[in-house]
Amino acid sequence: MSSKWWQKAVIYQIYPKSFQDSNGDGIGDLRGIISRLDYLEELGINAVWLSPVCRSPQKDNGYDISDYQDIEPIFGTLDDMEELMREAKKRNIRIIMDLVLNHSSDQHRWFLEAKKSKDNPYHDYYVWKDGVEGVPPNDMRGVFGGSCWEWVPELQQYYFHQFVPEQPDLNWENPKLRQELYDMINWWIDKGAGGFRLDVIDQIAKEPDKGITANGPKLHEYFRELSKNTFQRGDYVTVGEAWSATIERAPLYSNPDGSEFSMVFQFEHIGLDQQEGKEKWDLAPLPFVKLKEVLGKWQTELYGKGWNSLFWDNHDLPRIVSRWGNDKEYRIESAKMLATVLHGMQGTPYIYQGEELGMTNVQYDIDEYNDVEIKNMYKERLTAGYSKEEIMKSIYAKGRDNARTPMQWDDSKNAGFTKGTPWLKVNPNYTDINVKAQRNDPDSVFSYYKALVKLRKEHEVFVDGTFKMYLPEDENIFAYERKNGNERMVVICNFYGTEIMCPLMDEVKGMDLILTNYKDTEEAGKLRPYEARLYIK
Ligand code: TEU
Ligand code: CA
């Protein structure tokens, strides 16, 4: 199998606001990232997915873009961005930009024009509906609460928005709009971007009249046109974020013929620990056997037909060690175990900033949170009669700010993230959990991630091996085999905190134990709490 660079790569996600502040305003910025490139090089990653840094009023932390061809001043300048791309390149790190093409900010010049009159040339760049004040065209609800329709009295029209009202949806039906987006992407390609992550790309072909948001009939037609006019100019990695992508659709997104994107970024495994048919805030215990079924299905059914992203965390998700690991007695063991399970599978692994340290969730007072999703949900649920206690429990478990607390660099004030006041409070555990404490410790979570990243480069079986799940019904063990013509890899993990017997020792006879999260020699038949073992021969 001839593999593409991004199939062998590990991608590191940076949430710029929270990574490193360079000028003391409490907000992470591009110069801060440049100053930390050596750290990323040491970790061994090949590309950085940078959450949006374009000009933005920050109603949704940059996912509301008011100018796609300029940098938001809180993050720096276009020169800083170009310097970041150059400096990253020197270290063989590509910069993946986050393209928000489903919607813009309401402060984008297109929208300001569009609002002026119905016959303004930009009017049709957005989705409008004539109507009467107070009677929205239909009852569609936004992802962050409230109606999807916002009234503009001057026009006697509603516009459509799937996220907050300050994020009006772009109208992909309009060929001029599409061309503007392609021109903008090509401009970034010329500036040196190494790839693109495409935000909620499954929602661009909406048809609000029919109540359709994700997976509109023209979706893949748009993908192919977009790809042909931009990404196919070179060897760029493209990642389609799609909460709605099913295993049936994924081969389209990531067709090896390159007609759409390099890979799909789907969430089937992420939606499991919530009550069925309800919201993410409606918590339920993780169905472990189901988790294995879902992850295993994506391994076997996409094999040879497409390419998947491997992730536990991102800027929208809680910290995995607090979620499915144990962030108390077994924080280090469980962080390493979860990394082993994930990185051994087929797909491109993502490390979200701080995951490589085993950073944890937080529990703040409601006023200390920043995220618009948290704030809106809090108000909505209070009105709906939920108790404050219940709501806070959901926020502690699933709030997006869990992932957005500043990166923990050292044990000095504010974790070395800023000399000023951080825009979001630093997790108080930074004195224990930080880069400085882990970087030179061979037993740290950081060193373990580093080892995993390195292994992927040394063994082709990570990239092209077939997948077989062991013990699919077992309530504790996550174990599988990867195999190609030359090598065999076996991963055996205890997903929980109790010691158990391991019935798989015959499978690994004569194999080399390449990586494990327990120091002392292997106790043949037992798996200790969160024990992880990776064998190769
Ligand atoms: O997220 C997609 C999305 O639908 C999320 O809003 C998701 O449902 C939610 O975070 C779950 O809590 C992307 C970005 O990753 C996110 O940060 C943006 O807020 C969103 O799109 C809008 O651009
Ligand atoms: Ca700053």
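Order of appearance sets the numbers: ligands from 1, and atoms from 1 within every ligand. Counting begins at 1 with the first residue of the sequence.
Of the protein's non-hydrogen atoms, Asp316 OD2, 2.5 Å is the one closest to atom 15 (O) of ligand 1. The shortest contact between atom 19 (O) of ligand 1 and any protein heavy atom is with Asp60 OD2, 2.5 Å. Shortest contact from atom 9 (C) of ligand 1 to any protein heavy atom: Glu373 OE2, 3.7 Å. In this structure, the protein non-hydrogen atom closest to atom 13 (C) of ligand 1 is Asp199 OD1, 2.8 Å. Of the protein's non-hydrogen atoms, Val143 CG1, 3.8 Å is the one closest to atom 8 (O) of ligand 1. Looking only at protein heavy atoms, the nearest one to atom 10 (O) of ligand 1 is Arg400 NH1, 3.1 Å. Looking only at heavy atoms of the protein, atom 3 (C) of ligand 1 is closest to Trp243 NE1, 3.6 Å. Atom 12 (O) of ligand 1 has as its closest protein heavy atom Lys280 NZ, 2.4 Å.
The closest side-chain donor-acceptor pair between Asp64 and Ser56 falls under 3.5 angstrom. For the residue pair Tyr68 / Glu180, no side-chain donor-acceptor distance below 3.5 Å is found, with atom types taken as modelled. In the model, Asn429 has a side-chain atom that pairs as donor or acceptor with a side-chain atom of Gln408 under 3.5 Å.
Under a 4.0 Å criterion applied to the non-hydrogen atoms of His315, ligand 1 contributes the atoms 14 (C), 15 (O), 16 (C), 17 (O). For ligand 1 and Phe144, the ligand atoms under 4.0 Å from any heavy atom of the residue are 6 (O), 19 (O).
Contact between His103 and ligand 1 is present, with at least one heavy atom of the residue lying under 4.0 Å from the ligand. Using a 4.0 Å heavy-atom cutoff, Met377 is absent from the residues neighbouring ligand 1. Proximity of Lys398 to ligand 1 is not established, as no heavy-atom distance is less than 4.0 Å. For Arg404, the closest heavy-atom approach to ligand 1 falls below 4.0 Å.
Between Tyr350 and Phe265, the ring center distance clears the sub-6.0 Å criterion. No close placement of the Tyr126 and Tyr159 rings is indicated, their centers lying 6.0 Å or farther apart. Separation of the Phe288 and Phe495 ring centroids falls under the 6.0 Å cut-off. Taking the six-membered ring where the residue is Trp, the centroids of Trp281 and Tyr378 are separated by 6.0 Å or more. Between Phe311 and Phe267, a ring centre-to-centre spacing shorter than 6.0 Å is recorded.
Here the side chain of His161 pairs a donor or acceptor atom with the backbone of Ser147 at under 3.5 angstrom.
Under a cutoff of 6.0 Å and an axis angle of 45°, Lys375 and Tyr369 do not form a cation-pi pair.
Residue-level proximity to ligand 1 for Arg197 is carried by the side chain, the only part with a heavy atom below 4.0 angstrom.
Using the six-membered ring where Trp is involved, Trp307 and Trp6 have ring planes that are perpendicular, over 60° apart on the 30 and 60° scheme. Below 30°, between 30° and 60°, or above 60°: for Trp128 and Phe111 the angle between ring planes is below 30°, a parallel geometry. Ring orientation note: the planes of Tyr122 and Trp110 are close to parallel, at an angle under 30° on the 30°/60° scale.
Nearest to atom 1 (O) of ligand 1 by heavy-atom distance, out of Glu241, Gln203, Glu279, Lys59, is Glu241.
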Task: Leu357 vs Val435, side chain to side chain contact (heavy atoms under 4.5 Å, CB included): CA-CA, chis, key distance, verdict - done: CA-CA 7 Å; Leu357 308 174; Val435 170; 3.8 Å; yes
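Around the Ca ion (ligand 2), the protein N, O or S atoms found under 3.0 Å comprise Asp21 OD1, Asn23 OD1, Asp25 OD1, Ile27 O, Asp29 OD2.
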